[in-house]
**Q** 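Structure provided below as structure tokens; questions to follow.
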Amino acid sequence: MRHVRAIAVFGIAVVALTGARGSHGGSCGGGHSSGGHSGSNHDGTSGSSTGGSVSGSTGSADKAIRDLTIDSCKYDPATKNLVARITVENDNTFDYDYSFTMKFTGETGSGVVPVTATTTAAAVTAGASKSVDVSARYPGTGDASEYTECVITRASRS
């Protein structure tokens with residue numbers, strides 16, 4: 001079982017490092033400034049960030065998920081929020097409003113209470129892309145280092 005989990009984590013890490021479109025999970029860096037995304041934070045806040053994998057989806061939601069990429073996932077100590085930056089790329093011929101749910105979690109079995117954030121009606125015109133920040137209040141008092149992953153759990157477009 002550990003071997004299977006290690007292979008799954010390795011697959012996620014490969015996607016995270018390549019920044020492939022349609023990958024939708026990442027690690028939350030807490031208040032630490034090391035590791036993760038090699039670029040700068042877009043909004044000037046501290047914390048590390050990476051891209052990564054997707055939670056399972058099917059049908060029309062799968063089409064919306066493929067248009068989303070997590071650019072960063074971090075803790076913002078100034079606002080005390082867990083923040084994910086998502087790029088929505090609408091390469092379709094129609095304008096769409098995107099809605100999605102982001103879940104911030106810790107390692108399995110760690111006892112970390114998942115935190116959820118939802119965005120509704122992020123309008124993206126046909127052939128365009130847009131960056132959307134999704135945030136949720138950090139429920140703890142530390143540096144959020146216990147939150148190690150963020151995943152898009154649900155996505156739709158209309």
**Q** Quick one: list whatever passes side-chain hydrogen bond (donor to acceptor under 3.5 Å, both in side chains) with Tyr98, sequence neighbours left out.
**A**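 Tyr98 satisfies side-chain hydrogen bond (donor to acceptor under 3.5 Å, both in side chains) with Asp67 only.
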**Q** Any side-chain heavy atom of Ile70 within less than 4.5 Å of one from Cys150?
**A** yes
**Q** Quick one: does Phe104's side chain get under 4.5 Å of Val112's, heavy atoms only?
**A**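 When only atoms from C-beta onward are counted, Val112 and Phe104 do not touch, as no gap falls below 4.5 Å.
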**Q** Is it the case that the side chain of Asp143 and the backbone of Ser145 share a donor-acceptor pair, with hydrogens and angles ignored and the cut-off at 3.5 Å?
**A** yes
**Q** What's the separation between atom OG in Ser131 and atom CD in Glu89, rounded to the nearest 0.5 Å?
**A**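 Separation between the atoms: 10.5 Å.
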**Q** Judged by atom type as modelled, is there a donor-acceptor pair below 3.5 Å linking the side chain of Asp76 to the main-chain atoms of Ala78?
**A**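 Indeed, once roles are kept as given, a pair shorter than 3.5 Å links the two residues.
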**Q** Considering all heavy atoms of both residues, which atom of Met102 and which atom of Ala84 are nearest to each other, and what is their separation?
**A** CE-CB, 3.8 Å
**Q** What pairs with Thr93 under side chain to side chain contact (heavy atoms under 4.5 Å, CB included), at least two apart in sequence or on another chain?
**A**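 Counting only residues at least two positions away or on another chain, Thr93 forms no side chain to side chain contact (heavy atoms under 4.5 Å, CB included).
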**Q** Donor-acceptor pairs under 3.5 angstrom involving side-chain atoms of residues 115-127: please list them, not counting sequence neighbours.
**A**
none

**Q** Are side-chain heavy atoms of Tyr96 and Val88 found at a separation under 4.5 Å?
**A** no
**Q** Distance from Lys103 atom NZ to Arg154 atom CZ, nearest 0.5 Å?
**A** 11.5 Å
**Q** Just by distance, do the side chain of Tyr147 and the backbone of Lys74 share a donor-acceptor pair under 3.5 Å?
**A**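 Between the backbone of Lys74 and the side chain of Tyr147 there is no qualifying donor-acceptor contact (under 3.5 Å).
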**Q** So, for Asn81 and Arg137, which heavy atoms are closest and what is the spacing to 0.1 Å?
**A**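 Where Asn81 meets Arg137 most closely, the heavy atoms are OD1-CA, 3.3 Å.
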**Q** Side chains of Thr69 and Ile86: closer than 4.5 Å at any heavy-atom pair?
**A** no
**Q** Could you pull out all residues at least two apart from Thr87 that satisfy side-chain hydrogen bond (donor to acceptor under 3.5 Å, both in side chains)?
**A**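 Expected list: Asp71.
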**Q** If you measure only the distance, is there a donor-acceptor pair under 3.5 Å linking the side chains of Glu146 and Tyr138?
**A** yes
**Q** What pair of heavy atoms forms the shortest contact from Glu107 to Thr148, and how long is it?
**A**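 Minimum heavy-atom contact is N-OG1, 3.4 Å.
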